[in-house]
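As the structure is a prediction and not an experimental result, all values here were calculated from the model.
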Amino acid sequence: MLSPNGIDPDPNDPTQNFNSLPFGLIAGWGRYPVLLAKALKANGFTVVCLGVHDHADPELAEICDVFKWSGIARFGSAARFFRKKGVRYASMAGKIHKKLLFTPGFIWKQLPDLYTCSMFMSHFIFRKKDCKDDTLLLTVVDAFERKGIKLLPGTDFAPEMLVKRQLLTKKGPSKAQWKDICFGWNLAREMGRLDVGQSVSVKNQAVLAVEAIEGTDEAIRRAGSLCRGNGFTVVKVAKPGQDMRFDVPTFGPGTVQTMIDSGASVLAVEAQKTIFIDQDEVIRLAEKHNIVIVAVYEEDLIFSESPFPVKEEDSAIPVCTRSVS
């Protein structure tokens, strides 16, 4: 199927008209797939959705034009389903709980199709490739593209979901908190480069917890168990060279509620590289519980003063002695 002018849309130029084509959505856990589906519909797309079992929100069946449940490990049948519905371009949205890979009998419970087995044999059978997030997800991308389905960043079609550079709460970080943001940023960026995780929790420039396979919320809870009642800072950033097609950092009310339950006091995220879910609810929760939230560029951290307001008791912001990579 071609666009109305007879020219195939350029997948590298999301401003072109894709509306003539059914658009595929591979939906995992969380609110992001729901909000992306609504954004696609609002922009005139016919949305064909595959919802991952035990992950996707059932609400997607009401939003999307076509909806079908799918197993995690059935990429061959998923690609065939999309092709049958006329889908040539799709997006992945939402989290897949990677820890499931390590539960007993996972592979047999998922009943992978032959195509999936062939694509992932080097990871799980022959052990020639690792099982880092990016390694596995790039294999997923390749699995769809070999079947004629081009995967595109969902944020290309809903850029308003990326958080802008700003102070999101009325109160900015204190002197000590800004130091922890700078300190934590370096660590989170390095963990991202190593494809370990996206966030770290720190206090007084000491590491409390580094996110790994358990995810951001569990890492925050672990930090809270070590720093109960004293307040700590969570820093969540994109990987260097972040592939916006998958595993984009995301935060929403659930993240803030976990911070509240765990005793965290500051959240710093990377502007324009982090998806911001249910913005009004996040700000309401943060303000109610005296949590500071800032979205910054990496370049902000080399300046001698913070670009945001600070607490009255801390009128100065220190220089972060770091370099921008």
Trainee: So, taking the atom named OG in Ser77 and the one named OH in Tyr115, what distance separates them when rounded to the nearest 0.5 Å?
Mentor: 11.5 Å

Trainee: Could you tell me if the side chain of Met259 sits less than 4.5 Å from the side chain of Ile291, heavy atoms only?
Mentor: yes

Trainee: Distance check, rounded to the nearest 0.5 Å: Arg74 atom CZ versus Leu50 atom CG?
Mentor: 12.0 Å

Trainee: Is the distance between the ring centroids of Phe251 and Phe276 under 6.0 Å?
Mentor: yes

Trainee: Could you walk me through whether Lys171 and Asn290 satisfy the side-chain hydrogen bond (donor to acceptor under 3.5 Å, both in side chains) test, starting with their C-alpha distance in whole Å, then the side-chain angles of each, then the deciding distance to 0.1 Å, before giving a yes or no?
Mentor: CA-CA 8 Å; Lys171 186 167 58 178; Asn290 203 33; 2.5 Å; yes

Trainee: Do the non-hydrogen side-chain atoms of Lys150 and Leu152 ever get within less than 4.5 Å of each other?
Mentor: yes

Trainee: So if you build clusters from Ile, Leu, Val, Met, Phe, Trp, Tyr with side-chain heavy-atom gaps below 4.5 Å, do Leu168 and Leu162 land together?
Mentor: no

Trainee: With no hydrogens and no angle check, is any side-chain donor or acceptor of Asp300 less than 3.5 Å from a backbone partner on Tyr297?
Mentor: yes

Trainee: Angle class for the His97/Trp29 ring planes (parallel below 30°, perpendicular above 60°, tilted otherwise)?
Mentor: tilted

Trainee: So that I can tick it off, tell me whether Glu214 and Arg221 are bridged by a salt bridge, with the cut-off set at under 4.0 angstrom between side-chain N and carboxylate O.
Mentor: no

Trainee: Hey, do the aromatic rings of Tyr89 and Phe23 have their centres closer than 6.0 Å?
Mentor: no

Trainee: Output yes when a side-chain donor or acceptor of Asp113 lies under 3.5 Å from a complementary backbone atom of Gly76, and no otherwise.
Mentor: yes

Trainee: Is the shortest distance from a Lys or Arg side-chain nitrogen in Arg146 or Asp142 to a carboxylate oxygen in the other one below 4.0 Å?
Mentor: yes

Trainee: When you measure from the side chain of Thr155 to the backbone of Ala158, do you find a donor-acceptor pair of N or O atoms at a distance under 3.5 Å?
Mentor: no

Trainee: Rounded to the nearest 0.5 Å, what separation is found between the OG atom of Ser91 and the CG atom of Leu40?
Mentor: 7.0 Å

Trainee: Could you check whether atom CG of Leu194 has more than 12 heavy atoms from other residues, nucleotides or ligands sitting under 6.0 Å from it?
Mentor: yes

Trainee: If we ignore hydrogens and angles and just use 3.5 Å, is the side chain of Asp180 paired with the main-chain N or O of Asn204 as donor and acceptor?
Mentor: yes

Trainee: Are any of the side-chain heavy atoms of Ile181 and Thr233 separated by less than 4.5 Å?
Mentor: yes

Trainee: Flag yes if Leu60 and Phe157 sit in one hydrophobic cluster, no otherwise; membership is Ile, Leu, Val, Met, Phe, Trp, Tyr, and two members link when side-chain heavy atoms are under 4.5 Å apart.
Mentor: yes

Trainee: Given side chains that start at C-beta, do those of Thr255 and Ile220 come closer than 4.5 Å, heavy atoms only?
Mentor: yes

Trainee: Do Val163 and Val269 make a side-chain contact, defined as non-hydrogen atoms from C-beta onward lying under 4.5 Å apart?
Mentor: yes

Trainee: One thing to verify: whether Glu59 and Lys38 come together as a salt bridge, which I'm taking to mean a side-chain N less than 4.0 angstrom from a carboxylate O.
Mentor: yes

Trainee: Determine, using the 4.5 Å side-chain heavy-atom cutoff (strictly less than), whether Ile283 and Met161 are members of one ILVMFWY cluster.
Mentor: no

Trainee: Might you work through the side chain to side chain contact (heavy atoms under 4.5 Å, CB included) test for Ile149 and Arg88, ending with a clear yes or no?
Mentor: CA-CA 5 Å; Ile149 310 297; Arg88 293 173 60 183; 5.5 Å; no

Trainee: Do side-chain atoms of Gln242 reach the backbone of Asp247 as a donor and acceptor pair under 3.5 angstrom?
Mentor: yes

Trainee: Taking atom types as modelled and ignoring hydrogens, do the side chains of Gln257 and Asp261 form a donor-acceptor contact shorter than 3.5 angstrom?
Mentor: yes

Trainee: Would you say Glu270's side chain and Val237's backbone share a donor-acceptor pair under 3.5 angstrom?
Mentor: no

Trainee: Quick test of your reading of the model: are Lys170 and Glu287 salt-bridged, counting only N-O distances below 4.0 Å?
Mentor: no

Trainee: Using a strict 4.0 Å threshold on nitrogen-to-oxygen distance, state whether Asp195 and Lys239 make a salt bridge.
Mentor: yes

Trainee: With rounding to the nearest 0.5 Å, note down the distance linking CD1 in Ile260 to OG in Ser265.
Mentor: 12.0 Å

Trainee: Show the numbers, then the answer: is there a side chain to side chain contact (heavy atoms under 4.5 Å, CB included) between Val140 and Phe246?
Mentor: CA-CA 10 Å; Val140 172; Phe246 53 74; over 6 Å; no

Trainee: Do Asp130 and Thr135 have a side chain donor and acceptor closer than 3.5 Å?
Mentor: yes

Trainee: Within the 4.5 Å heavy-atom criterion, are Lys41 and Ile63 side-chain neighbours or not?
Mentor: yes

Trainee: Would you say the side-chain atoms of Arg189 pair up with the backbone N or O of Gln198, donor to acceptor, closer than 3.5 Å?
Mentor: no

Trainee: Regarding Arg245 and Asp243, does a basic nitrogen lie under 4.0 Å from an acidic carboxylate oxygen?
Mentor: yes

Trainee: Looking at side-chain heavy atoms only, is the closest gap between Ile96 and His55 below 4.5 Å?
Mentor: yes

Trainee: Are Leu187 and Val296 grouped together when hydrophobic residues (ILVMFWY) are joined by side-chain heavy atoms under 4.5 angstrom apart?
Mentor: yes

Trainee: Taking atom types as modelled, is there a side-chain donor on Lys236 or Thr216 under 3.5 Å from an acceptor on the other?
Mentor: yes

Trainee: Hey, is the main chain of Ile293 close enough, under 3.5 Å, to the side chain of Thr169 for a donor-acceptor pair?
Mentor: yes

Trainee: Using a 4.5 Å cut-off on heavy atoms from C-beta on, say whether the side chain of Pro22 contacts that of Phe82.
Mentor: no

Trainee: Do Ile275 and Leu36 belong together in a cluster built from hydrophobic side chains that touch within less than 4.5 Å?
Mentor: yes

Trainee: Measuring from Ile277:CD1 to Arg31:CZ, what's the distance to the nearest 0.5 Å?
Mentor: 8.0 Å

Trainee: I'd like to know if the side chain of Ser225 and the backbone of Arg222 have a donor-acceptor N/O pair within less than 3.5 Å.
Mentor: yes

Trainee: A cation-pi test, strictly: NZ or CZ of Lys95 under 6.0 Å from the centre of the six-membered ring of Tyr32 and no more than 45 degrees from its axis. Yes or no?
Mentor: no

